[in-house]
Amino acid sequence: MLEFSKIANRYSVVRKLHSRGLTQAFLVRDEREGDRQAIAELTTIERDENPELALRRRAVLGLLGQLEHPNLAGVLAVTVDEPYLCVVKAWEPGVSLVDWLAEGEGDAWPQRLALARDALEGLAALHSAGLLHRDLRPRNVWVTTSGGRPTAQLDHFLEAIPEDDLDGRQVGDPGRWPPEVLRSGEYSRRSDIYSIGLVLFDILSHRERTNEPLTGAPTEEDLATVPAPYGDVVRRACRPFSVERFDDGLDLLAAFDAMDLKRRLAEAGFDEGLGLD
C-alpha cells in the first residue's frame with residue numbers, strides 16, 4: 001500500500017520512485033494540468049529547522065524553476081504540505097548517471113563526451129544564475145532516455161544556495177568534498193568545480209565500471225585512464241587548492257570545448273602550430 005495517495009491536494013500518486021535520506025520521490029499526475037505526469041519529492045521539514053533556511057531554500061528552488069535550462073532538472077512548483085516540503089519536477093524517463101554507467105550504457109565514447117558537456121552546461125547555467133549546487137555527484141545527475149540521444153541534467157537542488165549567502169553547513173557526500181569543505185564547510189564556485197571534476201572523471205574514465213563512483217581526488221594513475229586531452233581538464237578541476245582550479249562553470253566549459261576542438265583537429269591531422277596548448 002502506498003504511504004501517500006495524493007500530495008498537496010493536487011498530485012495523485014502513481015508509484016513511489018525512491019527514498020534518499022529525508023526525501024521520498026513519487027511519480028504523480030497533476031490533476032490541475034490534465035493529469036500531466038511529474039515527480040513530487042517530499043522532504044521532511046525538521047521542527048527545529050531555521051525558518052530563514054527554509055525560506056531561502058524555497059526561494060532558490062523558485063529561481064531554479066525560472067531557469068528552464070535543458071541540462072537542469074525542471075522545477076515546476078514548490079509547496080508546503082505539512083510536515084513536508086514538496087518540490088514538483090518535470091518527469092522525463094531515465095536513470096541516474098550511476099546506473100547509466102554501471103549498466104554499460106557508457107561504453108559509447110561519443111555519448112559519454114556529450115553527457116560530460118551536458119553536465120558542464122548545467123553547472124555553467126547554475127553559476128550564471130548566482131547559485132551553488134554543493135551536492136554534485138553521479139547519483140544527482142539524471143540521464144534522460146526518451147527521444148534522441150541521452151541527455152544529462154543536474155538534479156537534487158535542496159542543498160543549493162546563493163553564492164553570496166553561505167551558511168557553513170557541510171552537505172552531500174563527504175567522499176566527494178573538496179579539501180576546503182572538509183576543513184571548514186567553505187563552499188564556492190570552485191568547490192562545485194572540484195565536485196563536477198569528479199563527475200567528469202566518472203563519465204570519461206576508461207577504468208573498470210562499477211556501481212561505486214570515485215571517492216576522493218583522482219590519482220595520477222586514475223587520470224591516466226581518462227583519454228587525452230581531457231585528463232588535463234579533470235586534473236585542473238580537481239586541484240587540492242581552490243585557486244588552482246577553474247573559476248566557475250563557464251570557465252570549465254570553455255576549457256572542455258578547447259580540449260574537444262584540439263582532439264578533433266588532431267584526429268583530422270591538424271594538430272601542429274595551432275596554439276591550442
Side-chain angles (χ1 to χ4, degrees), residues 71 97-98 100-101 106-128 132-133 136-138 140-141 143 149-152 154 173 175-182 187-210 212-277:
N71 301 120
L97 179 59
V98 175
W100 192 83
L101 292 172
D107 291 339
W109 176 245
Q111 285 190 350
R112 282 195 276 152
L113 281 177
L115 288 185
R117 194 178 190 285
D118 287 348
L120 295 183
E121 285 269 13
L123 183 60
L126 198 71
H127 284 177
S128 295
L132 305 178
H133 190 288
L136 288 162
R137 43 180 160 158
N140 292 336
V141 178
V143 181
R149 71 164 180 85
T151 301
L154 302 188
D173 179 0
R176 314 283 290 194
W177 289 349
E180 65 272 18
V181 172
L182 280 169
Y187 288 91
S188 67
R189 293 184 177 195
R190 287 177 173 172
S191 64
D192 273 352
I193 292 297
Y194 181 96
S195 299
I196 201 72
L198 297 183
V199 173
L200 290 180
F201 176 84
D202 292 322
I203 297 173
L204 300 176
S205 170
H206 282 314
R207 70 174 185 157
E208 183 179 355
R209 299 284 164 186
T210 69
E212 297 298 327
L214 182 72
T215 297
T219 65
E220 285 300 317
E221 183 179 358
D222 291 327
L223 290 167
T225 67
V226 179
Y230 303 101
D232 292 338
V233 175
V234 176
R235 180 181 290 104
R236 182 176 170 191
C238 296
R239 292 287 190 192
F241 297 103
S242 63
V243 294
E244 297 178 338
R245 300 176 204 143
F246 299 98
D247 292 336
D248 56 22
L250 284 170
D251 191 22
L252 176 51
L253 177 61
F256 183 88
D257 283 345
M259 292 296 99
D260 202 44
L261 176 60
K262 182 177 181 179
R263 175 188 61 84
R264 293 173 186 273
L265 290 173
E267 289 175 351
F270 298 101
D271 57 342
E272 299 294 333
L274 293 172
L276 294 173
D277 291 321

>> Looking at Glu267, I'd like to know if its CD atom is crowded, meaning that more than 12 non-hydrogen atoms belonging to other residues, nucleotides or ligands lie closer than 6.0 Å.
In response: yes
>> Whether the side chain of Arg112 engages the backbone of Ile203 through a donor-acceptor N/O pair (distance < 3.5 Å, no angle test) should be reported.
In response: yes
> Do Thr151 and Val143 come within less than 4.5 Å of each other through their side chains, counting heavy atoms only?
Replying inline: no
> Minimum heavy-atom separation for Leu200 to Ala116, with atom names?
Replying inline: CD2-CB, 3.7 Å
> What's the verdict on side-chain contact (heavy atoms from CB on, under 4.5 Å) for Leu136 and Arg176, showing C-alpha distance, side-chain angles and the deciding distance?
Replying inline: CA-CA 8 Å; Leu136 288 162; Arg176 314 283 290 194; over 6 Å; no
>> Quick check against the 3.5 Å criterion: does Asn140 have a side-chain atom that pairs as donor or acceptor with the backbone of Leu154?
In response: no
> Mind checking what makes ring pair (Phe, Tyr, Trp, His ring centres under 6.0 Å) contact with Phe256, not counting sequence neighbours?
Replying inline: Tyr230
> Do Leu113 and Arg117 pass the side-chain contact (heavy atoms from CB on, under 4.5 Å) test, and can you show the C-alpha distance, the side-chain angles, and the key distance before you say yes or no?
Replying inline: CA-CA 6 Å; Leu113 281 177; Arg117 194 178 190 285; over 6 Å; no
>> Test of understanding: with side chain to side chain donor-acceptor pair (under 3.5 Å), list the residues that count as partners of Thr225, not counting sequence neighbours.
In response: Ser205
>> So, using side chain to side chain contact (heavy atoms under 4.5 Å, CB included) as the criterion, who are the partners of Ala255 when residues are at least two apart?
In response: Phe246
> Taking atom types as modelled, is there a side-chain donor on Ser195 or Asp192 under 3.5 Å from an acceptor on the other?
Replying inline: no
>> Within the structure provided, determine whether Cys238 and Phe201 are in side-chain contact (heavy-atom separation under 4.5 Å).
In response: no
> Excluding sequence neighbours, so at least two apart, what forms side chain to side chain donor-acceptor pair (under 3.5 Å) with Arg264?
Replying inline: Asp260
> With sequence neighbours left out, what residues match Pro179 under side chain to side chain contact (heavy atoms under 4.5 Å, CB included)?
Replying inline: Arg183, Tyr194, Pro240, Arg245
> Considering residues at least two apart in sequence or located in another chain, which fulfil the side chain to side chain donor-acceptor pair (under 3.5 Å) criterion with Arg189?
Replying inline: Glu163, Asp248
> Can you list the residues that meet the side chain to side chain donor-acceptor pair (under 3.5 Å) rule with Asp118, with sequence neighbours excluded?
Replying inline: Arg149
> With a 4.5 Å limit on heavy-atom distance, are the side chains of Arg137 and Leu198 in contact?
Replying inline: no
>> Once side chain to side chain contact (heavy atoms under 4.5 Å, CB included) is applied, do any residues pair with Glu220, and if so which ones, sequence neighbours excluded?
In response: Leu223, Arg235
> Got Leu123 and Asn71 here, is their nearest side-chain heavy-atom distance under 4.5 Å?
Replying inline: no
>> Between Asp247 and Arg190, is the side-chain contact (heavy atoms from CB on, under 4.5 Å) condition met? List the steps.
In response: CA-CA 6 Å; Asp247 292 336; Arg190 287 177 173 172; 2.3 Å; yes
> Could you go step by step and tell me if Leu252 and Arg236 meet the side-chain contact (heavy atoms from CB on, under 4.5 Å) rule?
Replying inline: CA-CA 9 Å; Leu252 176 51; Arg236 182 176 170 191; over 6 Å; no
